Amino acid sequence: MTRTLVMEGVSKRFDTGTVALTDVDLHLAAGDFVSVVGPSGCGKSTLLRLASGLDHVTGGTIEVNAHSTSYVFQEPALLEWRSAIRNVELTGELRGVPTSSRRARAQEALDLVGLTGFEQQFPRQLSGGMRMRVSIARALVTEPDLALFDEPFGALDEITRLRMQTELQRIFQLKQFAGLFITHSVSEAVYLSNRVIVMSGRPGRVVADIKIPWDYPRPPELRYEPEFGAITGEVSAALGEHS
Amino acid sequence: MKTTTTKAGLERDTLDAVGAEITEMAVAPMTPTETDVESAAAADVADETAEQALSGGATTTPWWRSAIRQSAPVLLALAGIAAIWYLVSLAVLPQDQRFLLPPPHEVFSRALTNSALMTPMLEALGRTVVVAMIGLVIAVVLGIGWAVVMSSSGWAERILYPYAVIMQTIPILALVPLIGIWFGYGFPARVIVCVIIALFPMISNTLFGLQSASPSAHDLFTLNKATALQRLTKLKFPAALPSIFTGLRNAAGLSVIGAMVGDYFFQQGPVGIGGLLRTYTLRLQMDALFTAIALTAVFGVLVFTIFAVLDRLVIGRWYGLKR
Ligand SMILES: Nc1ncnc2c1ncn2[C@@H]1O[C@H](COP(=O)(O)OP(=O)(O)O)[C@@H](O)[C@H]1O
Ligand SMILES: [Mg+2]
């Protein structure tokens, strides 16, 4: 199987002298959904910026085998003056996709995230959860092979957050991209992923790579099972030892 | 009267909407036990539809309501000024000094019925309006262009910004003699004074707006390999629009002042209202002087109101708040 993302011995030192990452190895294939947890400031966002090409490594190598990579930011980062559907169309517009197919694909993506009927709403008219849905639709409209998520649900309230996890899992099952998901919630990481990577405090390195055994789809009440508790306990322990 | 920076007005409008959203969140039903993925999504969207209905209502304002709301405080202030005027004229000034400030009704009834006085005054006001509008258009085009160039690189900003600051800080009176020597004492010189006075708020507000797009939005454009032109037209400029309108409102007010200052100093050719003010002062024509001042005040309020209303209309529509 081809590896969508291969990071080997990656390190990143900023011009300011801050060493954000040292010697990070990470492999991701289609159908993998990998979460990264770690103390804040340990270089998680930096890891995504390197994988997306927004920033460059100062050591090691990164190989990306993807036709299209997309990025979901911590905040929805919508253009306030565009309706939901025109926000989703933006990536196509920038890449020169013809209007008619662009519009049709944007509509499909909005349907996928459950926003049918909200196409003409502007960001300010939508709730936090809906704005994040638009943001996810915008990321998925390019049919990415690699999808990067930087704590996308971090700012949502708990109830919306649980719903969004269920949604994302459904979408992932359908689209089968390789997903790299940053979160500060251990239970979110365990619930969503087939692997959870634990990073140490700065400079970040990988201190644990924990396989999550359950098949998808996972029912929401999996979170209340004793085995779920055992695994989150394991992740939390790895986090606690190294922060 | 509020003439200053940014989008505070807009935020005030959306505050209610946010309040509604929070309340709705709090009463949303608990769903973690729900097994059906689809129905959870449906419930989510249904809740949010309710929020929407709550937040949608308060946002439609017809333009005339907006106009009244914008100009009412100013009109009240004018009424206050009239009241003080009466007080000084009738209660403070002794009889033999009342000519310095005759009561408003006497002034205006004498002046407004005197067409030999009013016709030239209105014509002069018309010329000043033309100077102000031409000056404003030039200031807007120049200011936006200047800011766009500055926002294109850190270097451009460091090199060009000081010129804007210098132009803002040199008192216009210091430049007037030079402008007269270089450009003559007629219409072009008046417009130039007007541009110099109105330019800075256009530059600074536009620049602030062009730099207001979030770093993530810029990253999004970078990831999609946007060209510099796409970044300008699809991100920076649209993000700047609210600030540009704030700048426009301030520049419009200043362009009126600029045109009158221009009139006052550059008297060659057909006279403007600023020029008449000077003449009336020299001849101690008190009725004419007060009437001219009142006219310019009304003109100023009108310009301010027009641009404030335009601002709210355009920006509201821009963010889909008014339909
Ligand atoms: N562009 C940058 N220049 C200098 N230092 C940076 C830059 N971006 C991030 N850092 C530093 O690198 C470290 C890791 O940052 P980040 O990847 O954002 O952490 P996380 O997302 O895990 O909270 C932090 O100490 C941060 O201050
Ligand atoms: Mg981060």
Side-chain angles (χ1 to χ4, degrees), chain A residues 49 52-54 69-84 90-96 113-118 120-130 133 135 138-139 142 148 150 156-160 162-164 166-167 169-170 173 217 219-221 223-224, chain B residues 7 10-11 13-14 17-18 20-22 24-26 28-38 40-45 47-52 55-56 59 213-227 230-231 234-235 237-239 241-242 315 317-321 323:
Chain A
R49 292 179 68 82
S52 68
L54 278 173
T69 301
S70 62
Y71 204 122
V72 179
F73 302 93
Q74 187 155 7
E75 74 281 359
L78 301 178
L79 306 187
E80 298 284 328
W81 53 90
R82 284 179 172 240
S83 61
L90 177 74
T91 49
E93 238 174 275
L94 295 175
R95 294 172 184 210
V113 298
L115 285 184
T116 313
F118 291 87
Q120 302 309 326
Q121 303 295 314
F122 283 73
R124 274 171 202 244
Q125 300 171 309
L126 300 172
S127 69
M130 293 169 94
R133 285 168 193 266
S135 184
R138 182 181 61 196
T142 58
L148 308 168
D150 192 353
L156 302 180
D157 64 281
E158 188 64 13
I159 295 164
T160 311
L162 295 178
R163 281 180 194 161
M164 295 299 291
T166 319
E167 284 284 279
Q169 202 188 91
R170 175 179 64 81
Q173 268 173 261
E221 57 274 25
R223 297 190 184 92
Y224 312 127
Chain B
K7 310 165 211 168
L10 187 68
E11 270 151 24
D13 262 6
T14 52
V18 174
E21 185 169 314
I22 292 166
E24 190 61 29
M25 283 297 191
M30 296 288 288
T31 51
T33 51
E34 220 165 337
T35 45
D36 185 341
V37 173
E38 291 297 339
D44 189 4
V45 171
D47 283 357
E48 286 164 353
T49 315
E51 277 165 39
Q52 257 236 270
S55 65
T59 53
S214 74
S216 322
H218 276 286
D219 284 344
L220 179 72
F221 275 65
T222 308
L223 286 168
N224 286 285
K225 308 199 165 45
T227 62
Q230 283 177 323
R231 198 183 291 269
K234 291 183 194 291
L235 178 61
F237 196 79
L241 211 60
I315 297 312
R317 193 150 295 160
W318 192 229
Y319 288 112
L321 293 177
R323 274 159 296 157

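Sequence lines set the chain letters: A, B, ... in the order given, protein chains first and strands last, and positions in each chain run from 1. These numbers were taken from a predicted model, which means no experiment stands behind them.
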message: Using heavy-atom distances under 4.5 Å, tell me whether Leu78(A) contacts chain B through its side chain, its backbone, both, or neither.
response: neither
field: Test item: Asp219(B) and Arg49(A) side chains (from C-beta on) under 4.5 Å apart, heavy atoms
entry: yes
- prompt: Between Ala77(A) and Ala217(B), which heavy-atom pair has the shortest distance, and what is it?
  reply: CB-N, 4.3 Å
message: Less than 4.5 Å apart, side chain to side chain, heavy atoms only: is that true for Asn224(B) and Leu90(A)?
response: no
query: Which atom names give the shortest non-hydrogen contact between Phe73(A) and Leu223(B), and what distance separates them?
result: CZ-CD1, 4.2 Å
- prompt: Side chain, backbone, both or neither: which part of Leu94(A) has a non-hydrogen atom closer than 4.5 Å to chain B?
  reply: both
- prompt: Heavy-atom distance under 4.5 Å to chain A: side chain of Leu235(B), backbone, both or neither?
  reply: both
query: Taking atom CD of Glu75(A) and atom OG of Ser214(B), what is their separation to the nearest 0.5 Å?
result: 5.5 Å
- line: The interface call for Glu93(A) against chain B, heavy-atom contacts under 4.5 Å, is both
